[in-house]
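Taking it in order: structure first as structure tokens, then the write-up.
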Amino acid sequence: MNQRNALSLNGKVTVAALLLAAAGFVIQIVSGVDVPTVPPGLIIPLVAAALVAFGPWRWTPVVGIVVGLFFLVGFFASGSVGSLLEPSQLGVFVGAWVQFLAVIVAVVAGTAATIQHLRA
């Protein structure tokens with residue numbers, strides 16, 4: 001049960017999407033978005049990607065789903081969705097879209113990877 005199997009294609013896509021979400025956040029930081037000294041928007045997807053990539057448990061793709069949904073809810077709850085609609089600050093706009101699309105992919109791929117692991 002705790003034996004580490006090779007990461008499936010869906011698992012790899014989940015990891016890549018979480019890393020891309022972190023990259024989107026870095027784009028926003030470089031573009032001038034104010035963030036705390038330790039930015040949770042960067043740390044959370046990186047830790048989640050590491051768990052999905054290196055975790056020995058079959059349920060680790062669920063982490064990608066949870067983090068992706070957390071970020072999606074956060075986009076709307078924090079009002080950051082406005083960054084998706086305002087291209088006047090190009091870096092913030094691009095970074096928000098990269099992050100937004102990446103977390104959607106993380107949720108979809110994480111769901112597919114979880115289903116695949118449960119069927120195996």
Side-chain angles (χ1 to χ4, degrees):
M1 187 160 169
N2 284 342
Q3 181 179 357
R4 176 77 179 133
N5 295 326
L7 200 58
S8 68
L9 176 62
N10 291 321
K12 291 175 185 175
V13 171
T14 304
V15 170
L18 291 167
L19 293 174
L20 194 57
F25 193 75
V26 169
I27 292 169
Q28 292 178 61
I29 292 171
V30 170
S31 299
V33 172
D34 291 328
V35 295
T37 305
V38 179
L42 180 60
I43 303 297
I44 292 170
L46 291 177
V47 170
L51 277 173
V52 174
F54 303 114
W57 312 283
R58 291 175 51 167
W59 54 264
T60 55
V62 172
V63 174
I65 300 169
V66 170
V67 168
L69 290 174
F70 174 76
F71 272 82
L72 285 174
V73 169
F75 263 112
F76 293 98
S78 70
S80 295
V81 74
S83 298
L84 299 173
L85 305 172
E86 182 56 50
S88 64
Q89 291 182 310
L90 186 60
V92 176
F93 178 74
V94 169
W97 272 105
V98 167
Q99 189 176 31
F100 184 71
L101 295 174
V103 295
I104 291 171
V105 171
V107 170
V108 172
T111 301
T114 301
I115 292 169
Q116 184 177 10
H117 283 267
L118 293 176
R119 287 185 179 170

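Heavy atoms only: backbone and side chains are in, while hydrogens, waters and symmetry mates are out.
With contacts defined as side-chain heavy-atom distances shorter than 4.5 Å, the pair P39/F25 qualifies. With a 4.5 Å cut-off on side-chain heavy atoms, L72 and F100 count as touching.
Annotation: F75, atom CZ; neighbour count of heavy atoms from other residues, nucleotides and ligands within 6.0 Å is above 12. Around atom CD of Q89, no more than 12 heavy atoms belonging to other residues, nucleotides or ligands sit under 6.0 Å away.
To the nearest 0.5 Å, atom CG of residue L18 and atom CD of residue Q99 are 10.5 Å apart. Rounded to the nearest 0.5 Å, atoms OG (S88) and CZ (F93) are 9.5 Å apart.
Of all heavy-atom pairs spanning G110 and T14, the tightest one is N-OG1, 3.1 Å. Taking each heavy atom of A113 and G11 in turn, the nearest pair found is CB-N, 3.8 Å. What you find for H117 and S8 is that their closest heavy atoms are NE2-OG, 4.0 Å. Nearest heavy atoms, N10 versus A112: ND2-CB, 3.5 Å. Shortest non-hydrogen contact noted between A21 and A102 is N-CB, 3.5 Å. Contact record, F76 with V81: CE2-CG2, 3.6 Å, taken as the closest heavy-atom pair.
At distances below 3.5 Å, not a single donor-acceptor pair connects side-chain atoms of W59 with backbone N or O atoms of T114.
Under the 4.5 Å side-chain heavy-atom criterion for Ile, Leu, Val, Met, Phe, Trp and Tyr, V105 and V103 are members of distinct hydrophobic clusters. V30 and L46 end up in the same hydrophobic cluster when Ile, Leu, Val, Met, Phe, Trp and Tyr side chains are linked at under 4.5 Å. Follow the hydrophobic side-chain contacts under 4.5 Å out from V73 and you never reach I65; the two are in separate clusters. Hydrophobic cluster membership differs between V107 and L118, with clusters built from Ile, Leu, Val, Met, Phe, Trp and Tyr side chains linked at under 4.5 angstrom. There is a path of hydrophobic side-chain contacts, each under 4.5 Å, that joins L7 to V63.
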